[in-house]
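Heads up: the structure comes next, in structure tokens.
What's counted below: heavy atoms across the whole structure, side chains too, no hydrogens, waters or symmetry copies.
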Amino acid sequence: MEGKKEIDEAKEKPVNMGLSLQWSQWQLLDSILPTGGFAHSFGIEAAIQARVILSQEDFRTYVIHVLENTGSLLLPYVHSAAMCPDMDNWRKLDRMLDATLTNEVSRKASVSQGSALMRVAAAVFTELPSLKTMREMSLGSGIVAFHHAPVFGIVCGLLGMDSETSQRAYMFITMRDAFSAATRLNLVGPLGAAVLQHQVSIVAETMLKRWLNREVQDACQTAPLLDTLQGCHGYLFSRLFCS
């Protein structure tokens, strides 16, 4: 009862909007936010079964390629959405990405995570009523597929993140989810994953600088083998992840 009373009193007090948005920005990157990212392995599970990944060093190389591909293909969509977080721009970016992703497994993963993120963001970040409006106007319309990168950029832009921070955040959650998948696949232990993630973060920053602030017309695949491996995920006899 006391906890509820404190929450009600906090709602009645004037809030510094800048500080409130910072809390929301941190929550967006928190792994506890139920957006479905941990149901996907970025093709890591398929790569292990195809014996492309046989060791931690192989995994490190694979993650670097995943980050490179993320930077070249998806960061332009995050950048464009964060710079102009409105309905028309979001719909245009979503259609463009839907036409770009030819791998059905990765396309479904993108739509699944994007739909979950939009649903959660609209419900959690009530200080941004436009998110709920955009979602309600797009559900069932067939106009948007809710791909993850544009949705993430839209949410970041509305939460007051600048474009560079939004793109760095997208690289971070990609790296975070990849290491989580490797841990659950017993490829690396929790401590080893934390150490390796810290080391790879230096490489991730270099890649971010390489692909920063590019237009969607420049989006491209740099690691086609990753696309092939992820596309094979559906053919695995047994699997833990959706992609």
What residue pairs, at least two apart or across chains, pass ring pair (Phe, Tyr, Trp, His ring centres under 6.0 Å) with a residue in residues 70-101?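 Output for this query lists Trp90-Phe146.
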Which residue pairs pass the ring pair (Phe, Tyr, Trp, His ring centres under 6.0 Å) test with at least one member in residues 40-72, sequence neighbours excluded?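 Non-adjacent pairs meeting ring pair (Phe, Tyr, Trp, His ring centres under 6.0 Å): Phe59-Phe179.
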Please report the closest heavy-atom contact between [X] and [Y], naming both atoms and the distance.
X: Met175; Y: Ala204; result: SD-CB, 4.5 Å
X: Val188; Y: Ala193; result: CG2-N, 3.5 Å
X: Ser24; Y: Glu127; result: OG-OE2, 2.7 Å
X: Ser80; Y: Val216; result: OG-CG1, 3.6 Å

Check whether Gln199 reaches the backbone of Arg60 with its side chain - one donor and one acceptor, N or O, closer than 3.5 Å.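 No, because the side chain of Gln199 does not come within donor-acceptor range (under 3.5 Å) of the backbone of Arg60.
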Heavy-atom side-chain proximity of [X] to [Y] below 4.5 angstrom:
X: Leu97; Y: Leu74; value: yes
X: Asp227; Y: Ser106; value: yes
X: Leu67; Y: Val200; value: yes
X: Tyr170; Y: Ile173; value: yes
X: Glu215; Y: Asp218; value: yes

Considering residues at least two apart in sequence or located in another chain, which fulfil the side-chain contact (heavy atoms from CB on, under 4.5 Å) criterion with Val52?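 Ala47, Ala50, Leu229.
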I would like to know whether Ile48 and Ile44 meet side-chain contact (heavy atoms from CB on, under 4.5 Å); could you show each step before the answer? CA-CA 6 Å; Ile48 292 173; Ile44 294 172; 4.0 Å; yes
Could you point out which residue of Thr70, Asn103, Val66 forms a side-chain contact (heavy atoms from CB on, under 4.5 Å) with Leu226?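 Exactly one option meets the side-chain contact (heavy atoms from CB on, under 4.5 Å) with Leu226, and it is Val66.
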Within residues 181-207 or reaching into it, pairs that qualify as salt bridge (charged side-chain N to carboxylate O under 4.0 Å, His left out) - sequence neighbours excluded: Arg168-Glu205, Glu205-Lys209
Which pairs with one or both residues in residues 110-123 pass side chain to side chain donor-acceptor pair (under 3.5 Å), sequence neighbours excluded?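 Matches after skipping sequence neighbours: Ser110-His147.
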Holding to salt bridge (charged side-chain N to carboxylate O under 4.0 Å, His left out), I want the full list of residues that pass it with Asp98, two or more places apart in sequence or in another chain. Arg107
Is it true that Gln167 and Trp211 share a donor-acceptor pair across their side chains at a distance under 3.5 Å?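 On atom types as modelled, these side chains do not qualify, holding no pair under 3.5 Å.
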With under 30° as parallel and over 60° as perpendicular, where do the rings of Phe152 and His148 fit, or are they tilted in between?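 Correct class here is tilted.
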The reported gap from CG in Leu185 to CD in Glu45 (rounded to nearest 0.5 angstrom) is 5.5 Å
